[in-house]
Amino acid sequence: GGGDGGSDGGDDGSLVIGFAQVGAESAWRTANSKSIQDAAEAAGHELKFNDAQQDQEKQIEAVRGFINQQVDVIVLAPVVETGWTDVLQEAEDAGIPVVLADRGVEAADEDLYVTRLGSDFAEEGRKAGAWAAETFAADADGTRILELQGTTGSAPANDRKSGFFEVLDSEGLNYEIVDSQSGNFTAEEGKAVMETFITTHGLDGIDLLYAHNDEMGLGAIQAIEEAGKVPGKDIQIIIVDGSKAGFQAGVDGKVNYIVECNPAFGPQLMDVLESVVAGDEVEKFTPVEEGVFDATQFEAELPNRQF
Amino acid sequence: MSDDPIVQMTGIRKDFTGVRALDGVDFTLRPGEIHAVMGENGAGKSTLIKVLTGVHTPDAGDILLDGKSVRFHSPGAAQAAGISTVYQEVNLTDNLSVAENLFAGREPRLGPFINFRAMRRKAKALLDDIGIDLNVAAPLSSYSIAMQQLVAIARAVDIEAKVLILDEPTSSLDRDEVAVLLGVMRRLAANGTAMVFISHFLEQVYEISDRMTVLRNGKLVGEWATADLPENELIGHMLGREAVVLEQIERAAAAHHVADETPLVQAVGLGRKGSIAPYDLDVRRGEVVGLAGLLGSGRTETIRLIAGADRADSGSLSFDGAKVGGHNPRTASARGIAYCPENRKTEGLVGDLTVAENMILAMQASRGWARSIPVARRDKLVAEFIEKLDIRPANPDMPVKNLSGGNQQKVLLARWMLIEPKLLILDEPTRGIDVGAKADIQKLVAELSADGMAVLFVSAELDEVTRLSDRIAVLRDRDLIAVLESEADMTTEKIVDTIVAKGGER
Amino acid sequence: MNSYAKRLMWPVLILVALIVVNIAATGIDFIIPSVNDGRLGGAFVNILRRSAPLMLIALGMTLVIATKGIDLSVGAVYAIGAAIACQMIIGQEDQSAAGLIFSAVALALVVTAVIGAWNGTMVAYFGIQPIVATLILMIAGRGIAQLITGGQIPKVQDSSPFTQLGRGEIFTIPLPIWIAALVFVAIALLTRKTALGLLLESVGGNPEASRLAGIRSKGITVLVYLVCGLCAGLAGLIGAANLGSADANNGGLWIELDAILAVVIGGTALLGGRFYLLGTTIGVVIIGTLEDTIINVGLSSQWQFTAKAIVVFAVALLQSPEFRGWILKPFKPKPEAAAPAPAPAEEVPAK
Amino acid sequence: MTTETLTERPARSTLFDGLTKYIPIGATVALLIVMYLGGIANFKNFDSAQVIAGLFIDYAPLLVIAVGMTFVILSGGIDLSVGSVMAFSTMACAWLTVDAGISAPLAMVLVLAFGTLWGLLIGAVIHYFNVQPFIATLVGLFLFRGLTLQISDTDVSMREVDFWQWGMTHVEFGGKVRDGGFWLPYLSFVAFAVVIVAFVILHYTRFGRGVYAIGGSEQSALLMGLPVARTKIGVYAVSGFCASLAGVLAAFATKSANPLANVGAELDAIAAVVIGGTLLTGGAGFVLGTVAGVMVWGLLNTLIAFHGGLSSWWARIVMGVLLLAFILLQRVLARSGEKRRT
Ligand SMILES: Nc1ncnc2c1ncn2[C@@H]1O[C@H](COP(=O)(O)OP(=O)(O)OP(=O)(O)O)[C@@H](O)[C@H]1O
Ligand SMILES: Nc1ncnc2c1ncn2[C@@H]1O[C@H](COP(=O)(O)OP(=O)(O)OP(=O)(O)O)[C@@H](O)[C@H]1O
Ligand SMILES: [Mg+2]
Ligand SMILES: [Mg+2]
């Protein structure tokens, strides 16, 4: 890739940016879109936004569209990791640099994009795992775990799961997966699945619930409350994302650990784009700053939440 | 003539849920003969044909074709074995062109591809041969039912089968076309084709058939040579009782309408572009007005405007002294206009609903959905009309699609009689109906008009029109050309003369 | 009545089989309701409660299908109903005010009814094929819902009585079950005690014949889609109340397929005409039970789709007389030696 | 014999005589052109030839499943399984070539054969057991999504298998895109070939005409002695084949398989077919109409993409409104052309 394309940039340095977003499937995603749109406007760039509704084909089409429109730079938040080679090659042939946001693409395509800015889902899983391994290290009779997975087959679901259990295994925690089902990242299904978990397995003796996102976690909390148990106490709960609602639940004592997945990297992205178009050297991967929060930090962090 | 039989069916039994349609029927068809199958509506004639041609599987019995035992699994198989059939309801696909319908499944091909040019040429030739001139590339749906019926016949004839079966081929046809058809049948018979002919027109049957098999209630009554069975005896066998006198329907000839009374219906310059030229027509209370004309002359279009089924784009219509505005079937029925359309399958009945439900439909519609007819009242009314019109089987809960054609027609009539209309519009009400039922319906029309109901009556049978009508409107080329009023004009000849004369004027 | 019972027999058998599987996997507790905190619970009661939104939508869908139609927009309408109510409630300081909740619910229902009527108008008056007419709102509807929520997921305070619509109970029976039952009774009365059912079946069976018989078929069509929209809106309200939030993007996602499935499992044909409300109810419970069964017998979530496919296939086949005839043939004494191959569709009159 | 010949003219308006069936597709094409011109007037670079060519790259798989769907809908049925079968086929390609190490051409043939077999099976169930097509194929929708996830719940790359490079190898026309030319990959030509073959089959073979006949009236077709069983099962086989071919094309297009790909593709295909003027009730429509329908679908998306200023929700709403406007206009045009009874 290179910064030689994009002849349309205004004299004042303003850019035409094509942004191929995954979709609007969650509050996290909407916050992410909004952050990027706001940042582009603040920086005086023109943003062409495209929502692919979680469909890779639509996203590929959007990227081709941006190439046809001869934008200055393309930002791609890929739905899946594989299958990008051709269209990225086309962008390169057209002299348009590509920056990945949020999720990544397979390693073999590394040459076809300039840099990636985003979260590492496996790392998020590992962070959650590390806390669990530490918290339950003293649990003699084995840690019994329920897992609420994201949409079956989606990258965050796969990575958050594998990262989590990778750490549990490497830390040698004595654990048992009592059940693990998909809640499709939604509160509705999170709650329904949790209800069934409760009727099937009961809650006695269950130590930990690991929910791949806030929404499912919040749904599950309701199910637990309706079953007459106290979330956060009778069962410990880890959620990933860290929305306002998630932190609020934390403040209320219903959540024990939150792994942040930060959507508000719009301004950071604009800086990267500007340097890319200017032809500066940039790192291949720019991590988004993300934290982890335990019960002691919820209260202080809540006001900082943007979504 | 009668060598070995070409088709021999013995002991055929066919049960439908709740009905035994055929019960131990034998049937023999010999080469080169024209064999009529006779019986009332619902006697099982069509079922017999369908069992023979593989539409239905018999529950018992044997079928021999050319002395070999056969059992077809589909009409296609029967066709391949040399049995070509025109079924009772016109069974073509009207989204395809005339030529495609004629040759569906046996199109002339070039390699694997259909040769459309050859197909159209052959279609043209085939239709020319039997004396029809159509645009063979036009979709079949652009032609009237009668033409569609002729196309179906042409298709069956062209298959050049050993056996040709015609189930009520003449129900929508008028004289000329019937003459054409009978001519074709004679020619085929001379070539040795065996034919099965089903019709409710006794004169046609006597004109063309060599032999008759009579069914009643799904049972075989017997087989006769046509020459040996006088008409009244045949009717006796069909109905299972002594022959009724059909000829004289007593018309209490429109004596009771006063000349200066305002007519019930007054159409002035009523018309619709592309379907019927503007016309004037009056109908008085207690009067039967017949519409006569060749097929496609626009009879149906004329009455559809009055019935509110189509919107008129010129002229005005008054009903019962008041001008009619915003005319549609619902307001029409609220005013007391009842309309029995000619195509009962597509426009009349709701096949999946029961006999009872179909009967009360118009009445219920006029009451609105909120006031349903109480069950007891409904059952009583339905039972009453089933008996009055002799609907068989007399089961109000049977899906109407399982009734035979004639009985379906009666259900439709009952629907409208239930609302006690002021004007009853009947489009071909006796099409495909047996002699007994036809007489019943004609008698009913006469009675209703005697009670003061006005009736508009369309029929392809001029005899029927002249017999029933007080006045006759004659149509030609979608134009109402004359209204015959005097007693002396009420003859078939006069109607034909009128049509021909007006045609000559052009 | 007898044929009606026969029609219901196969779905009921499948349902019983599913319940037996669950009992075998998790014990008799599965079916026996328990009372805790003055609220009826237990696995099966939970299934019924969770099925309430699907039930409502499937009931509306049954009517639409009876008129030879189909409504693909119900999932989007569900999201719109939920979004309106939640967005309106979170806008206010006091989220417990009875007036507020009443007007939020009323507004949501009015809007969804209008959307339904719009679908019906497109079908009846503009003559657009139902699948296309409702596809438009299926696409745009979620956009509208997101527009209402601004892409956020509005969260109603747990203390708001609005949530009772999804979580509350009357006489220990969960409120969603009450609502679904009431709507069932209302629709059953509306269609069977008045002539609406007959007129519907008539319009679905043969629209042209119905028109000529003087039936207001267009008005009826609009009414039916309106009811379907209303049911979808109500379902959205229950769903939102249950969670205390409205997810414009995922709420009721693909519920239209489940609803159509429930209708058809219940014996109503997609070709219009006869409809069976009780059958639809059984269809809904089958679908609800199925999802739990997968978890209860310990299958992974990848099995969700496969198991659903197998059960639907079984119901579809069992309902087919031709299939039953074919499968039972070896066991039936045949009067004739030469048994014909299954002659398809032969005695089935034209559509 | 008779002396007189019976003549009847079709009752329809002479101007449109015989043309009525082309009105819906004519309206579609006219509106398509209007939409395209509107795009050119409003957006920079919209007039690039590659914009049109792009439709046949990105929508090649959709075009192929829509063609299969056209057969099914023309016969009066519907096939909801195509999206899942397509995703399954792509996944099977990946699984066979990457995990099982089968040679790619063989894998492709196996996948296509499997898709066709599935179509035959479901067609037989629909025909012989009289199961409603909607339900029978809905089973397929669930089943193949499930099977795809069971093969792999993550996306799989096939880039190491050279064979899959073939599809995106491209041909340039009229020079580089910058110089006003455009390019098309081989897989677009496969889609064109499918359209042409389908056109010929539907219009010039007995099977094709049988499809129309059955769509007009299955009962009549049966009574006319047409091979109803064979034809009905045949259309589902065609659709199954097309769905698996679309899956193979998707494998070529991305060289990757994703278990959640093509969710809802069946609805896109149905929409394209119906927009192209085919009646869902069967018996009327054209495969070329389907091509126009796919182009409308694609162009609507392209217009929204070129605009680029719409948020996720406004994009959906605008898509719905455009679709609505399109369908209403098509209706109006078609109605004024047709002279039918009210
Ligand atoms: N598919 C069916 N299901 C149930 N009953 C049927 C079916 N088809 C015909 N029947 C019944 O079988 C009997 C014989 O009907 P069929 O059509 O053979 O009479 P038909 O002699 O041809 O009468 P028509 O002169 O009116 O045509 C009738 O009682 C009819 O109701
Ligand atoms: N639905 C329709 N659409 C277009 N044209 C039609 C339609 N129905 C009938 N026609 C045409 O209108 C003309 C008049 O037909 P109509 O049925 O009114 O004649 P008719 O005098 O009633 O004859 P028939 O004996 O066939 O009933 C025919 O040429 C026919 O092709
Ligand atoms: Mg008959
Ligand atoms: Mg007529």
Side-chain angles (χ1 to χ4, degrees), chain A residues 23-34 51 53-54 147-153 157 177-202 214-216 218-219 221-223 225-228 243-246 248-249 252 254 307, chain C residues 22 25-27 29-30 34 36-37 39 41-47 49-51 53 82 139 142-143 146 149-155 158 163 166-167 174 239-240 242-255 288 291-305:
Chain A
E25 76 280 9
S26 61
W28 188 97
R29 186 65 58 190
T30 335
N32 179 242
S33 301
K34 190 166 181 317
D51 173 352
Q53 293 167 27
Q54 290 124 279
E147 185 186 27
L148 276 172
Q149 302 176 44
T151 306
T152 313
I177 306 174
V178 177
D179 213 332
S180 171
Q181 288 288 335
S182 167
N184 268 327
F185 284 131
T186 68
E188 199 168 345
E189 291 190 44
K191 182 169 182 182
V193 172
M194 192 66 204
E195 274 173 9
T196 312
F197 280 169
I198 293 170
T199 50
T200 310
H201 308 293
D214 278 8
E215 293 300 327
M216 291 190 296
L218 295 173
I221 286 171
Q222 284 179 14
E225 286 177 330
E226 281 167 31
S243 64
K244 253 186 224 145
Q248 185 59 54
D252 297 343
K254 296 172 185 170
F307 78 106
Chain C
N22 276 296
T26 64
D29 286 352
F30 175 80
S34 58
N36 35 16
D37 296 345
R39 178 183 195 212
F44 197 67
V45 174
N46 279 350
I47 289 175
R49 178 168 56 78
R50 276 203 302 274
S51 302
I139 292 170
R142 288 201 180 270
Q146 284 175 318
T149 61
Q152 302 298 314
I153 298 183
K155 294 211 165 50
D158 280 343
T163 60
R167 303 179 194 163
N242 180 34
L243 295 171
S245 66
D247 185 341
N249 202 62
N250 299 306
L253 200 59
W254 299 120
I255 203 168
E291 277 161 16
D292 271 39
T293 310
I294 294 165
I295 298 178
N296 285 341
V297 300
L299 289 174
S300 68
S301 47
Q302 280 95 323
W303 273 94
Q304 254 177 32
F305 291 108

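Below, chains carry the letters A, B, ... as their sequence lines are ordered, and counting in each starts from 1.
- A/His201 contributes atom NE2, which lies 7.5 Å from atom CD1 of C/Ile295 (distance to the nearest 0.5 angstrom).
- In this structure, the portion of A/Thr152 lying under 4.5 Å from any heavy atom of chain C is its side chain and not its backbone.
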- request: Determine, stepwise, if the pair C/Thr163 / A/Gln222 fulfils side-chain contact (heavy atoms from CB on, under 4.5 Å).
  value: CA-CA 11 Å; C/Thr163 60; A/Gln222 284 179 14; over 6 Å; no
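- Annotation: the span from A/Asp179 atom CG to A/Ile198 atom CD1 amounts to 12.0 Å, rounded to 0.5 Å.
- Of the atoms belonging to C/Leu299, it is backbone heavy atoms, and not side-chain ones, that fall under 4.5 Å from chain A.
- With C/Pro174 as the fixed residue, the side-chain contact (heavy atoms from CB on, under 4.5 Å) test singles out one of C/Arg50, C/Arg167, C/Arg49: C/Arg49.
- The pair A/Glu215-C/Lys155 counts as a salt bridge, with a side-chain nitrogen and a carboxylate oxygen less than 4.0 angstrom apart.
- The parts of C/Asn242 that come within reach of chain A are both its backbone and its side chain, each placing non-hydrogen atoms under 4.5 angstrom from that chain.
- Interface remark: C/Ser300 contributes backbone atoms only to the contact with chain A (heavy atom separation under 4.5 Å).
- If you take OG on A/Ser26 and CG on A/Asn32, they are separated by 9.0 Å, rounding to the nearest 0.5 Å.
- With a threshold of 4.5 angstrom between heavy atoms, A/Gln53 does not approach chain C through any atom at all.
- Side-chain atoms of A/Ser182 and A/Glu189 form no donor-acceptor pair, as typed in the model, at a separation below 3.5 Å.
- For chain C, the nearby parts of A/Glu226 are the backbone and the side chain; heavy atoms of each come within less than 4.5 Å.
- Counting heavy-atom pairs closer than 4.5 Å to chain A, the top-ranked of the candidates C/Asp292, C/Asn250, C/Leu243 is C/Leu243.
- Heavy-atom pairs under 4.5 Å with chain C were tallied for A/Thr200, A/Thr30, A/Thr199, A/Thr196; the largest tally goes to A/Thr196.
- Only the side chain of C/Gln146 has a heavy atom closer than 4.5 Å to any heavy atom of chain A.
- Interface summary for chain A: among C/Gly41, C/Ala25, C/Gly151, the most heavy-atom pairs under 4.5 angstrom belong to C/Gly151.
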